[in-house]
Number of protein chains: 2
Amino acid sequence: MKKHRLGKDISLIYRYSQIYFDAKLKKYNLGSGQYIFLMNLFLNNGINQEQLAHIVRINKATTARAVANLEKEKYVTRKQSKRDRRSYELHTTEKANSIKSSLVKIMNAWNEILLDGLNTEEKRMLLKLNDKVGSNILRHSNKPGDDRNMQ
Amino acid sequence: MKKHRLGKDISLIYRYSQIYFDAKLKKYNLGSGQYIFLMNLFLNNGINQEQLAHIVRINKATTARAVANLEKEKYVTRKQSKRDRRSYELHTTEKANSIKSSLVKIMNAWNEILLDGLNTEEKRMLLKLNDKVGSNILRHSNKPGDDRNMQ
DNA sequence: ATTAAATAGTTGCGTATGCAACAAATATTC
DNA sequence: GAATATTTGTTGCATACGCAACTATTTAAT
């Protein structure tokens with residue numbers, strides 16, 4: 001078995017996904033670095049940065065910068081939490097909501113490219129196996145319990 | 001089907017792979033950004049940068065910088081090609097060769113983490129399906145014919 | 001109640017990556 | 001052979017991402 005192959009495919013898929021989203025989101029003044037955060041906020045409105053970072057499994061610093069960008073572009077508002085003054089509740093704006101369906105279309109188009117030629121069972125296996133790899137990594141990294149069903 | 005899931009798993013696997021390799025390669029003054037180039041040079045000694053960039057499907061600018069780093073650390077030599085004076089033949093040094101087996105061990109250890117709990121068929125499917133996704137992307141990007149059997 | 005430890009978010013710094021522009025060299029066209 | 005087009009590698013610029021250090025706030029321990 002060619003051990004490079006998996007890492008190389010993963011790297012390629014990741015990098016080209018970034019390229020694709022950068023190109024498609026440019027018109028909205030968004031980049032690949034903000035997309036995953038915004039998409040998750042649509043599904044989890046009102047959560048704080050810490051929670052958001054946890055959901056997408058991305059570093060807090062990166063999350064803070066992405067959210068700052070989203071706020072700057074007026075896709076997200078941050079409201080200091082009454083329960084904990086360190087924390088901000090994040091909400092998508094009307095502006096964000098107005099482009100949501102376009103963003104979903106962009107994502108779906110990319111997924112169609114990724115999954116072209118795979119039957120239902122193969123798609124299921126692809127997700128399942130990559131998910132297993134992801135879980136393996138998190139377990140190895142001693143990350144908290146898996147709340148990956150949150151979205 | 002949760003459309004985010006694939007992108008999120010891919011992103012996670014990629015990022016944590018980078019983190020892992022950065023940590024493990026630090027002692028050799030190498031980073032995750034050089035690893036894939038060096039590993040491929042072990043397998044394809046004497047090729048030029050253009051070819052190397054093509055094999056790993058990474059941008060020429062990035063390739064140039066990675067190779068420059070490898071040269072700086074004396075893992076690689078660059079010899080101007082006699083056939084084409086723009087081009088440089090890349091060779092791994094004795095220094096590189098002396099750490100090759102350690103690098104292979106690092107990579108194998110990571111692969112064991114990634115593939116933990118998967119049986120032979122699942123491993124085969126994981127590779128095959130991710131490879132299919134990679135091919136889909138390249139086809140969509142109008143990249144040249146698939147010489148992915150080169151390594 | 002006071003002190004110590006942990007947490008939410010921010011910022012500095014560094015690395016990796018892509019695009020675009022460019023120079024030098026080579027290949028193609030006329 | 002001259003002009004034009006393409007190729008190989010480099011560099012500037014920008015973005016995304018992680019680690020570490022930090023501040024302010026909250027929680028836990030005493």
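Labels below follow one simple rule: chain letters A, B, ... track the order of the sequence lines, proteins then strands, and each chain is numbered from 1. Source: prediction; values computed, not measured.
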[N] OP1/OP2 closer than 4.0 Å to side-chain N/O of [X]:
X: B/Gln49; N: D/dT10; result: yes
X: A/Gln18; N: C/dG18; result: no
X: B/Arg78; N: D/dT10; result: yes
X: B/Arg15; N: D/dC17; result: no

Rounded to whole angstroms, how far apart are [atom1] on [X] and [atom2] on [N]?
X: B/Lys60; N: C/dA23; atom1: NZ; atom2: P; result: 15 Å
X: A/Tyr16; N: C/dG18; atom1: OH; atom2: C1'; result: 10 Å
X: A/Gln80; N: C/dG9; atom1: CD; atom2: P; result: 10 Å
X: B/Ile19; N: D/dA16; atom1: CD1; atom2: C1'; result: 13 Å
X: B/Lys79; N: D/dT8; atom1: NZ; atom2: P; result: 19 Å
X: B/Ile47; N: D/dT8; atom1: CD1; atom2: C1'; result: 14 Å
X: B/Ile36; N: C/dA16; atom1: CD1; atom2: P; result: 14 Å
X: B/Tyr20; N: D/dC19; atom1: OH; atom2: P; result: 15 Å

Keeping B/Glu73 on the side-chain end and B/Leu70 on the backbone end, is there a donor-acceptor pair under 3.5 Å? no
So, A/Ser141 side chain and A/Ile137 main chain: donor-acceptor pair closer than 3.5 Å or not? yes
Base, sugar-phosphate alone, or nothing: which one does [X] contact when heavy atoms must sit under 4.0 Å apart?
X: B/Ser87; value: sugar-phosphate
X: B/Tyr14; value: sugar-phosphate
X: A/Gln34; value: sugar-phosphate
X: A/Asn59; value: base

So, B/Gln80 versus B/Arg86: side-chain donor-acceptor pair below 3.5 Å or not? no
Would you say that more than 12 heavy atoms from the other residues, nucleotides or ligands in this model lie under 6.0 Å from the NZ of B/Lys95, or not? yes
Result for side chain to side chain contact (heavy atoms under 4.5 Å, CB included) between A/Val133 and one of B/Ile10, B/Ile13, B/Asn130, B/Leu12 points to B/Ile13
Identified side-chain hydrogen bond (donor to acceptor under 3.5 Å, both in side chains) partner of B/Gln49 from the options B/His54, B/Arg78, B/Lys60, B/Glu89: B/Arg78
Could you go step by step and tell me if A/Ser11 and A/Arg15 meet the side-chain hydrogen bond (donor to acceptor under 3.5 Å, both in side chains) rule? CA-CA 6 Å; A/Ser11 163; A/Arg15 287 182 289 102; 3.0 Å; yes
Measure from the side-chain heavy atoms of A/Ile58 and tell me the nearest of D/dT26, D/dG18, C/dA20. D/dG18
As a test of reading the structure: which of D/dT26, D/dG18, C/dT17 is closest to the side chain of B/Thr62, going by heavy atoms? C/dT17
Walk me through whether A/Leu6 and B/Leu115 qualify under side-chain contact (heavy atoms from CB on, under 4.5 Å). CA-CA 10 Å; A/Leu6 179 59; B/Leu115 303 176; 4.1 Å; yes
For DNA chain D, find the residues of residues 21-32 of chain A with a heavy-atom distance under 4.0 Å and give them by number; none if there aren't any. A/Gly31, A/Ser32
On DNA chain D, compare the nucleotides closest to B/Glu50 and A/Ser81; which residue's is nearer the 5' end? B/Glu50
Check against side-chain hydrogen bond (donor to acceptor under 3.5 Å, both in side chains), B/Ser81 and B/Asn48: CA-CA 9 Å; B/Ser81 167; B/Asn48 64 21; over 6 Å; no
Please work out whether the ring planes of B/His140 and A/Trp110 are parallel, tilted or perpendicular, with thresholds of 30° and 60°. perpendicular
Quiz question: going by heavy-atom distance under 3.5 Å, is there a donor-acceptor pair between the base of C/dA8 and the side chain of A/Arg86? no
Members of residues 64-73 of chain A that approach DNA chain C, where some heavy atom sits under 4.0 Å away: A/Ala64, A/Arg65
